[in-house]
Amino acid sequence: MWALSFEAISPTAIIEARSMLALVVPTLLVVLVCRRYWALRDVPGPSLAAFTRLWHARTIKNGTHARDITALHRRLGHFVRIAPDEVSVAHPDGPRKLLLEALPKGYWYETLTFPDSTYKTPMATVDPKEKIERSRLLASAYTTSSLLQSEQAINAQVELLLKWIDEHAVSSKPMALSKFFTFIAYDIMGEIIFSKSFGFLEKGDDIEDSLRQGLEFGAYVAVLPYFPWLQKLLVNPLFASFFQLVMPSNYVVDRSIRALEQRKNNPDARFDYVAHWLRTHEKHPDRLTAKDVQAAATSNVSAGADTVTCALQSFIYHTIRHPTAWRRLQDEIEEAEAEQRQQQMGEPSQDHPVFSFAITQKLQYLQACIKECMRVCPPSTIGLQRVAPRGGITIGDRTFESGTVLSVHLPSILLSEELWEPEAHEFVPERWLGDDKKTAALDKYFIPFGLGYNSCVGQNLVRIELSKILPTIVRRYDISLVNPEQEWTYKTYVAAVPGEWPVYIKKR
Ligand code: HEM
């Protein structure tokens, strides 16, 4: 049978195939040799990475890139070649030189448009001027004062979370807090953007298998934009609907499209993100189109949920592993409450199960733990790509040619032994207390939200969410790990995704 099919191939076809191979193989070899020995040849890194992006793609797909690249920086220094055309930067001057300067972003960002390339966001706009212009049209939604108009809605979500935690306290059954933190992170994004939660906390469970699918989609989003030719095909409006049938499904896009439609017909909606953006859209329909509004909603849900659940998890996981930190937090909270009660003597009680944002801003140890939980487990992990400008760029003692793709690797900066000695990998909230000069020096390198024109627009919301949810839990419960000997594991794609770390809950 095999012999027969070979005989069926004509001699001319064989000669043509041979000449093709004779052309392709040497060309490929020349490309590979140039990649290895031309530009960036003296930047250390895994051998495979000098030839192909596949080394980097594999470490992202495996969910280990943050750990792998951090370890490489520790071994090889400030600059590591992670792909033929990309150098990861962990030099202390890297964030300032690459992120604070308004350099163009690298190609990874360019194809982050869902469901197709006609849905434009500031995140996917690589030209700094154009990006800043786009961001300006969305900015009014992100201010703390505007967000605090939704404080009651956030409180209601926290109360739903408390109901589930109370239930586990009563039953004494192990609780997967990680799962419930993901629920609240999504539901609060729903409230803030569309005036309506996604309903995870209401149900106390995943809906339509969406969170598991979201994980698959997270790996896809992290890897494919590194292959822009392929990604451009996938997000091309002509083919996008077809590819959506075969690619991992994007729950966030589907839900956000439905949520926006419902939101437009909701007469009780608050002045949420969508209200800000629709107001701008009505004034400048050509500058902020209806598709831009949809894209902004989708990108905020994706950017805001997985990162916040990671920060919530890191806080509780690390503080319960450090019982002195947990007790110190409880003491600080109780003292603040006692003080508040004294100030309110004679007035009606202001007690509420959920902390008000204003009170928590005075709790120094709480704020130190919040910072430290995002340092020791950075929620956003993908390298932030920037392109070296005309004339090149010098970082430390190294100059990179114009056009070189340089990425700031946040985990390598936030866990750098050079910057955070002596206990860079330890959870030490005390490093954020005391001497203002010392903490100001550390603040320079505390960049979990990035820096400069593309830094996180959700920072104010993050502060509100963490400052309300975490002290509320610390005040109300004692929490212990089911497996105290076992460290948690986590995977990293665009964001870090901690694994299961079940806990026992006791109500105080
Ligand atoms: C602990 C939680 C969070 C962390 C650590 C974090 C971190 C980051 C980082 C590092 C960037 C990218 C910087 C760059 O590419 O140069 C970013 C961008 C972004 N983040 Fe966050 N983020 C968090 C939560 C949020 C939340 C809650 C929202 C939504 C309200 C949000 C919305 C965005 C958006 C829309 C961008 C793109 C920037 C832009 O459009 O200008 N993030 N975030």
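Only this structure's heavy atoms are used, side chains among them; waters, hydrogens and symmetry mates stay out. Whatever order the structure lists them in is the order used to number ligands and atoms, beginning at 1.
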Looking at Leu234 and Tyr220, what are the two nearest heavy atoms and their distance? CD1-OH, 3.8 Å
Is it the case that more than 12 heavy atoms not belonging to [X] sit under 6.0 Å from its [atom1] atom?
X	atom1	value
Lys491	NZ	no
Lys444	NZ	no
Glu401	CD	no
Lys129	NZ	no

Taken by chain and residue number, the protein N/O/S atoms under 2.8 Å from atom 21 (Fe) of ligand 1 read Cys456 SG
Quick one: which residue pairs count as a ring-ring contact (aromatic ring centres under 6.0 Å, His included) with a foot in residues 138-162, not counting sequence neighbours? Tyr142-Tyr273
Contacting atoms of ligand 1, where contact means under 4.0 angstrom from a heavy atom of [X]:
X	value
Tyr273	30 (C)
Leu384	14 (C), 15 (O), 16 (O)
Pro448	5 (C), 7 (C), 10 (C)
Met189	29 (C), 30 (C)
Met374	1 (C)

side-chain hydrogen bond (donor to acceptor under 3.5 Å, both in side chains) against Arg475, all qualifying residues, sequence neighbours excluded: Glu337
I'd like to check the side-chain contact (heavy atoms from CB on, under 4.5 Å) partners of Asp116; sequence neighbours left out, ordered by chain and number. Thr118, Tyr119, Pro237, Ala240
Given Ile370, Asn454, Thr309, Leu112, which has its nearest heavy atom closest to atom 12 (C) of ligand 1? Asn454
Looking at Glu465, Arg463, Arg386, Arg134, the heavy atom closest to atom 16 (O) of ligand 1 belongs to Arg386
Give me the nearest non-hydrogen protein atom to [atom] as residue plus atom name, then the distance to 0.1 Å.
atom	result
atom 29 (C) of ligand 1	Asn300 OD1, 3.3 Å
atom 37 (C) of ligand 1	Met123 SD, 3.3 Å
atom 40 (O) of ligand 1	Pro122 CB, 3.6 Å

Before you tell me yes or no, could you show the steps for Glu282 and Arg279 under salt bridge (Lys or Arg N to Asp or Glu O under 4.0 Å), namely the whole-Å CA-CA distance, both residues' side-chain angles and the distance that decides it to 0.1 Å? CA-CA 5 Å; Glu282 274 156 29; Arg279 187 176 60 177; over 6 Å; no
Can you tell me how the ring of Phe200 sits relative to the ring of Phe183, calling it parallel under 30°, perpendicular over 60° and tilted otherwise? parallel
Would you confirm whether the ring centroid of Phe79 sits within less than 6.0 angstrom of the ring centroid of Phe400? yes
Tell me whether Tyr109 reaches ligand 1 (any heavy atom closer than 4.0 angstrom to a ligand atom). yes
Tell me, please: is Leu410 in heavy-atom contact with ligand 1, that is, under 4.0 Å? yes
With nothing but distance in play, are any N or O atoms of Lys131 less than 3.5 Å from an N or O of ligand 1? yes
Apply salt bridge (Lys or Arg N to Asp or Glu O under 4.0 Å) to the pair Arg431 and Glu423, showing each step before the final yes or no. CA-CA 10 Å; Arg431 72 174 89 240; Glu423 295 148 315; 5.3 Å; no
